[in-house]
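Here is the structure we will look at.
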Amino acid sequence: EAQLAESGGGVVQAGGSLRLSCVVSGFTFDENWVIGWFRQAPGKEREGVSEIATYDGSTDYADSVRGRFTISSDHAKNTVYLQMNSLRPEDRAVYYCAATFGTKVVVELSEQEFDDWGQGTQVTVDS
């Protein structure tokens, strides 16, 4: 079982940037895992944001964040980052990272495929 811990959330003005971190323990990135970022806004269902496969570095993004957010991984630190630029008020949510075993990104960022989850970090974007 993997343990995940998110950090980096906060309050930012619209148009600003934040970088979220997800530190993973319980396995190393030399193994084949997929790490995903998800978010849940007040009154809405949780949705997939982005994911990365540690096997080959392949990535996927939700259409709503493509071109603004960038996911990356640091194998030495067992950490996945989500760089969020040009933030909008609608990006406000609790952001979670999650892990599942595999070599390829999960189709359509389906959260049901992810087994282990962090506690989340709050991102607030003021207009």
Side-chain angles (χ1 to χ4, degrees):
E1 181 179 348
Q3 292 80 46
L4 302 96
E6 306 93 336
S7 63
V11 181
V12 64
Q13 294 291 316
S17 299
L18 282 174
R19 188 178 78 160
L20 305 183
S21 299
C22 174
V23 178
V24 184
S25 58
F27 65 85
T28 70
F29 285 8
D30 292 333
E31 302 171 62
N32 300 326
W33 289 82
V34 178
I35 309 299
W37 282 100
F38 297 80
R39 66 185 181 185
Q40 187 166 22
K44 295 187 177 180
E45 294 186 353
R46 189 159 56 188
E47 64 174 352
V49 175
S50 183
E51 58 181 329
I52 186 167
T54 63
Y55 173 71
D56 61 1
S58 57
T59 60
D60 193 19
Y61 296 90
D63 289 341
S64 59
V65 306
R66 194 183 308 274
R68 299 188 298 123
F69 291 11
T70 303
I71 192 170
S72 62
S73 63
D74 185 330
H75 286 218
K77 297 182 178 180
N78 252 41
T79 300
V80 169
Y81 302 100
L82 185 68
Q83 178 67 43
M84 306 187 296
N85 298 329
S86 302
L87 283 161
R88 305 167 180 169
E90 54 264 37
D91 294 318
R92 175 187 178 188
V94 177
Y95 283 71
Y96 301 89
C97 61
T100 187
F101 188 75
T103 59
K104 296 183 179 181
V105 293
V106 173
V107 175
E108 296 185 350
L109 275 162
S110 174
E111 67 172 271
Q112 287 77 16
E113 300 297 323
F114 288 82
D115 304 306
D116 302 308
W117 292 78
Q119 295 299 308
T121 185
Q122 176 72 50
V123 171
T124 301
V125 184
D126 288 336
S127 58

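For the single chain, residues carry numbers from 1 onward in sequence order.
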Measure from the side-chain N and O atoms of Glu6 to the backbone N and O of Gly120, and report whether any donor-acceptor pair falls under 3.5 Å.
yes
Which atom names give the shortest non-hydrogen contact between Gly57 and Thr59, and what distance separates them?
O-CG2, 3.4 Å
With rounding to the nearest 0.5 Å, note down the distance linking CD in Gln83 to CZ in Arg68.
12.0 Å
Closest non-hydrogen contact found for Asp91 with Ser86 is OD2-O, 4.3 Å
Contacts of Trp33 that satisfy ring pair (Phe, Tyr, Trp, His ring centres under 6.0 Å) - sequence neighbours left out
Phe27, Phe101
Please report the closest heavy-atom contact between Arg92 and Ala41, naming both atoms and the distance.
O-CB, 3.5 Å
In this structure, would Val49 and Tyr96 fall into the same cluster of hydrophobic residues linked by side-chain contacts under 4.5 Å?
no
Can you tell me if Glu51 uses its side chain to pair, donor with acceptor, with the backbone of Val105 under 3.5 Å?
no
Please determine whether residues Tyr81 and Ile35 belong to a single hydrophobic cluster, defined as Ile, Leu, Val, Met, Phe, Trp and Tyr linked transitively by side-chain heavy-atom distances below 4.5 Å.
no
Given side chains that start at C-beta, do those of His75 and Thr54 come closer than 4.5 Å, heavy atoms only?
yes
If you look only at pairs with a residue in residues 36-69, which of them pass as a ring pair (Phe, Tyr, Trp, His ring centres under 6.0 Å), with sequence neighbours excluded?
Phe38-Phe114, Phe38-Trp117
Least distance between heavy atoms, Leu4 atom then Cys22 atom:
CD2-SG, 3.6 Å
Check: Glu47 side chain, Glu45 main-chain N or O, donor-acceptor pair, under 3.5 Å
no
Do you know which two heavy atoms are closest between Ser73 and Ile52, and how far apart they sit?
OG-CD1, 3.8 Å
Side-chain heavy atoms under 4.5 angstrom apart, residues restricted to Ile, Leu, Val, Met, Phe, Trp, Tyr: same cluster for Val12 and Leu82?
yes
Side-chain donor-acceptor pair present, Gln112, Ser110, cut-off under 3.5 Å
yes
Hey, what do you get for CZ (Arg88) to OG (Ser64), rounding to the nearest 0.5 Å?
8.0 Å
Looking only at heavy atoms, the pair that brings Asp116 and Ala2 closest together is OD2-N, 3.2 Å
Does any part of the side chain of Cys97, heavy atoms only, come nearer than 4.5 Å to the side chain of Val80, both counted from C-beta?
no
Ignoring hydrogens and angles, write down the donor-acceptor pairs under 3.5 Å from the side chains of residues 13-21, residues two or more places apart or on other chains.
| from | atom 1 | to | atom 2 | distance (Å) |
| --- | --- | --- | --- | --- |
| Ser17 | OG | Asn85 | OD1 | 2.9 |

Determine, stepwise, if the pair Arg66 / Asp63 fulfils salt bridge (charged side-chain N to carboxylate O under 4.0 Å, His left out).
CA-CA 5 Å; Arg66 194 183 308 274; Asp63 289 341; 3.3 Å; yes
Interatomic distance, Leu87 atom CG to Asp126 atom CG [nearest 0.5 angstrom]
11.0 Å
Do Val34 and Ile71 share a hydrophobic cluster (ILVMFWY, side-chain heavy atoms under 4.5 Å, transitive)?
no
Check: Val24 main-chain N/O paired with Asn78 side-chain donor or acceptor under 3.5 Å
yes
